[in-house]
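Have a look at the structure below, then the notes.
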Number of protein chains: 2
Amino acid sequence: MKYSTRDKILDAVYKLVYINGYNGTSIDMILKECSIPKGSLYHYFKSKKEMVLAVVKERIAPKMYEFYDLKKVKEEDSIDTMIRAILKVSKKEELVKFGCPLNRLNQEMSPVDDDFDKAINLIYERMKGDILSVLRDGSINPDVDLDSLAQFIIATVWGSLSLSPKHSSKKRYLNTINHLINYLKSLKH
Amino acid sequence: MKYSTRDKILDAVYKLVYINGYNGTSIDMILKECSIPKGSLYHYFKSKKEMVLAVVKERIAPKMYEFYDLKKVKEEDSIDTMIRAILKVSKKEELVKFGCPLNRLNQEMSPVDDDFDKAINLIYERMKGDILSVLRDGSINPDVDLDSLAQFIIATVWGSLSLSPKHSSKKRYLNTINHLINYLKSLKH
DNA sequence: TTGATTTTAGACTATTTAGTCTAGTTAAAG
DNA sequence: CTTTAACTAGACTAAATAGTCTAAAATCAA
């Protein structure tokens with residue numbers, strides 16, 4: 001299994017854009033990071049934007065589905081499944097340290113570029129759908145609106161991860177998110 | 001009361017950086033936005049970075065303290081005060097549309113620049129302190145950790161505001177944040 | 001092996017970037 | 001009115017930016 005040039009590029013761009021943002025990452029930084037010449041880069045991608053959109057689809061999306069993978073943490077009770085997924089996030093060091101890569105790019109690019117907005121929202125909607133389907137076949141108090149609850153869960157996790165990157169820690173995340181867990185427990189039927 | 005050049009610059013930079021980010025805002029964009037020559041800009045600020053740091057201190061900070069101003073919404077019960085403050089956020093159109101300006105800049109700059117990290121964290125800590133002092137003289141269940149609760153409130157509000165700028169609305173914010181309000185109510189002693 | 005295709009290589013270009021510099025203008029202070 | 005200081009004006013510079021282009025090298029199919 002060889003490590004293709006295209007994969008090398010996508011990995012480097014993922015890493016650099018995650019930390020420096022889209023506008024904070026230059027083509028030269030990317031070339032240096034993965035030691036390839038410019039010709040190769042523009043052989044695989046027709047522009048910087050196309051390249052980063054590819055990263056969204058081929059790197060960020062799978063990571064998001066994996067981070068919040070609900071099948072792997074399935075419990076008998078749907079609330080317990082959610083709680084396990086939320087706790088599992090704390091084990092991903094990069095998430096705790098730098099926040100959610102999708103949320104970061106979303107904040108930078110969605111207000112100024114429709115293509116990013118669409119690509120990112122697609123992932124967001126699927127995540128929300130995944131959460132919803134877990135919540136639906138659970139034992140949740142029937143007068144709770146599940147759609148807004150799914151949204152609330154994502155918003156709270158993202159928000160907790162976004163508090164001051166430099167001073168973040170697993171412990172801080174767990175302390176914050178503990179309130180979400182308490183709330184979820186209170187919704188059990 | 002005259003509208004000084006310096007104020008004009010700070011207002012323009014606030015607006016442009018809010019939407020386009022630090023790296024997405026060029027000096028030329030700023031000059032165009034407020035129709036002043038380059039010489040004036042560099043007369044008042046020695047660099048782009050100094051200028052945006054001034055915006056953080058003189059524009060973003062006051063706005064944050066105002067957005068979440070707890071004195072103006074004071075109720076008898078501290079939980080009710082918090083709830084009113086959280087609901088008041090929905091009335092600020094720019095917040096609902098583009099998210100929290102402090103959080104946006106924080107995500108872009110804190111991981112890559114210590115000066116921004118410090119300036120932003122100072123504001124964050126003061127906000128947290130303001131919230132804490134309200135929570136403390138209230139009727140909250142004594143085994144609730146107030147520090148992490150304050151953090152949870154900020155994280156949840158910021159997270160709710162950051163969900164897909166383009167598709168945000170007052171209604172969506174209120175739906176999401178309603179779960180936070182339910183949780184806060186459940187903490188009453 | 002041969003011929004075609006894909007991939008690498010990096011010099012080059014046009015534009016944009018932050019920031020400098022000097023001369024001119026306006027306002028304030030005496 | 002005069003002198004000094006604050007401010008405006010924008011041409012200019014050096015570096016960085018995204019992207020182009022042509023030629024060479026490696027890979028693949030016959």
Side-chain angles (χ1 to χ4, degrees), chain A residues 1-59 105 108-109 111-116 119, chain B residues 1-59 105 108-117 119:
Chain A
M1 205 59 171
K2 75 158 189 289
Y3 188 25
S4 76
T5 303
R6 193 171 178 280
D7 279 336
K8 246 197 267 183
I9 297 170
L10 290 178
D11 286 342
V13 173
Y14 170 76
K15 185 176 159 188
L16 289 171
V17 170
Y18 186 11
I19 288 159
N20 304 98
Y22 180 86
N23 287 311
T25 304
S26 72
I27 300 291
D28 280 355
M29 284 165 74
I30 295 162
L31 300 180
K32 209 176 164 190
E33 174 74 25
C34 53
S35 307
I36 56 144
K38 209 167 234 190
S40 298
L41 193 148
Y42 281 97
H43 170 73
Y44 291 105
F45 305 100
K46 75 171 219 269
S47 69
K48 185 186 175 185
K49 181 174 160 178
E50 289 294 314
M51 189 170 61
V52 179
L53 281 171
V55 168
V56 172
K57 285 164 196 147
E58 300 175 42
R59 288 293 182 279
L105 201 60
E108 181 182 7
M109 299 309 289
V112 292
D113 189 298
D114 272 343
D115 297 313
F116 276 99
Chain B
M1 206 60 171
K2 75 159 191 286
Y3 189 25
S4 77
T5 303
R6 194 170 178 278
D7 280 336
K8 246 197 269 184
I9 295 169
L10 290 178
D11 287 342
V13 174
Y14 169 76
K15 185 176 158 187
L16 288 171
V17 170
Y18 187 9
I19 289 158
N20 304 98
Y22 180 87
N23 286 313
T25 303
S26 73
I27 300 290
D28 281 355
M29 285 165 75
I30 295 162
L31 300 179
K32 209 178 164 187
E33 174 74 24
C34 53
S35 307
I36 56 143
K38 210 168 233 190
S40 300
L41 193 148
Y42 280 97
H43 171 74
Y44 291 105
F45 305 101
K46 75 172 219 269
S47 68
K48 184 186 176 186
K49 181 174 160 178
E50 288 295 313
M51 189 170 62
V52 178
L53 281 171
V55 168
V56 171
K57 285 163 196 150
E58 300 175 41
R59 288 291 182 278
L105 200 59
E108 182 183 7
M109 299 308 289
S110 284
V112 292
D113 188 298
D114 271 343
D115 297 313
F116 276 99
D117 184 60

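A, B, ... follow the sequence lines: proteins, then strands. Residue 1 opens every chain.
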*How long is the line joining NZ of Lys49(A) and P of dG19(D), in whole Å?*
11 Å
*Looking at every strand, decide which applies to Thr25(B) at a 4.0 Å heavy-atom threshold: base, sugar-phosphate, or nothing.*
sugar-phosphate
*Got a second to check how far Ile30(B)'s CD1 is from Ser35(B)'s OG, nearest 0.5 Å?*
13.0 Å
*Taking CZ from Arg6(B) and P from dA6(D), how many angstroms apart are they, rounded to a whole number?*
15 Å
*Of the non-hydrogen atoms in Gly24(B) and Asn23(A), which two are nearest, and what is the gap between them?*
CA-ND2, 3.7 Å
*Asp28(A) CG to dG19(D) P, straight-line distance once rounded to whole Å*: 12 Å
*Within the pair Lys48(B) and dA18(C), is there a side-chain N or O less than 4.0 Å away from OP1 or OP2?*
yes
_Tell me the interatomic distance from Ile36(B), atom CD1, to dT25(C), atom P, rounded to whole angstroms._
19 Å
*Specify the separation, in whole Å, of atom CZ of Phe45(B) and atom P of dA6(D).*
17 Å
*Could you tell me whether the side chain of Phe45(B) reaches within less than 4.5 Å of the side chain of Leu10(B), counting heavy atoms only?*
yes
*Is the phosphate of dT8(D), meaning OP1 or OP2, less than 4.0 Å from a side-chain N or O of Thr5(B)?*
yes
_From the set dG19(D), dT8(C), dT17(C), return the single nucleotide nearest to any side-chain atom of Tyr44(A)._
dT8(C)
_Is any side-chain heavy atom of Arg59(A) closer than 4.5 Å to one of Asp7(A)?_
yes
*asked:* Nearest to the Ile27(A) side chain among dT7(C), dA18(C), dA18(D), which nucleotide is it?
replied: dA18(D)
*Roughly, in whole Å, what's the span from NE2 in His43(A) to C1' in dA18(D)?*
19 Å
*Do side-chain atoms of Glu108(A) reach the backbone of Tyr22(A) as a donor and acceptor pair under 3.5 angstrom?*
yes
*Lys48(A) side chain vs Thr25(A) backbone, donor-acceptor pair below 3.5 Å*: yes
*From dG10(D), dA18(C), dT8(C), pick the nucleotide closest to the side chain of Pro37(B)?*
dG10(D)
_Under-4.0 Å side-chain N/O to phosphate OP1/OP2 contact, Ser40(A) with dT7(C)_ = no
*Are any of Tyr42(A)'s side-chain N or O atoms less than 4.0 Å away from OP1 or OP2 of dC21(D)?*
no
*Is any N or O donor-acceptor pair between the side chain of Lys38(B) and the base of dG19(C) shorter than 3.5 Å?*
yes
*Whole-Å distance between dT17(D) P and Ile30(A) CD1?*
11 Å
_Applying a 3.5 angstrom cut-off to the pairing atoms, does DNA chain C sit in any stems of at least three consecutive Watson-Crick or G-U pairs? List them by first number._
C:1-30 with D:1-30
*How many Å lie between CG on Asp7(A) and C1' on dT7(C), as a whole number?*
15 Å
*Donor-acceptor pair, side chain of Lys38(B) and main chain of Ile27(B), under 3.5 angstrom*: no
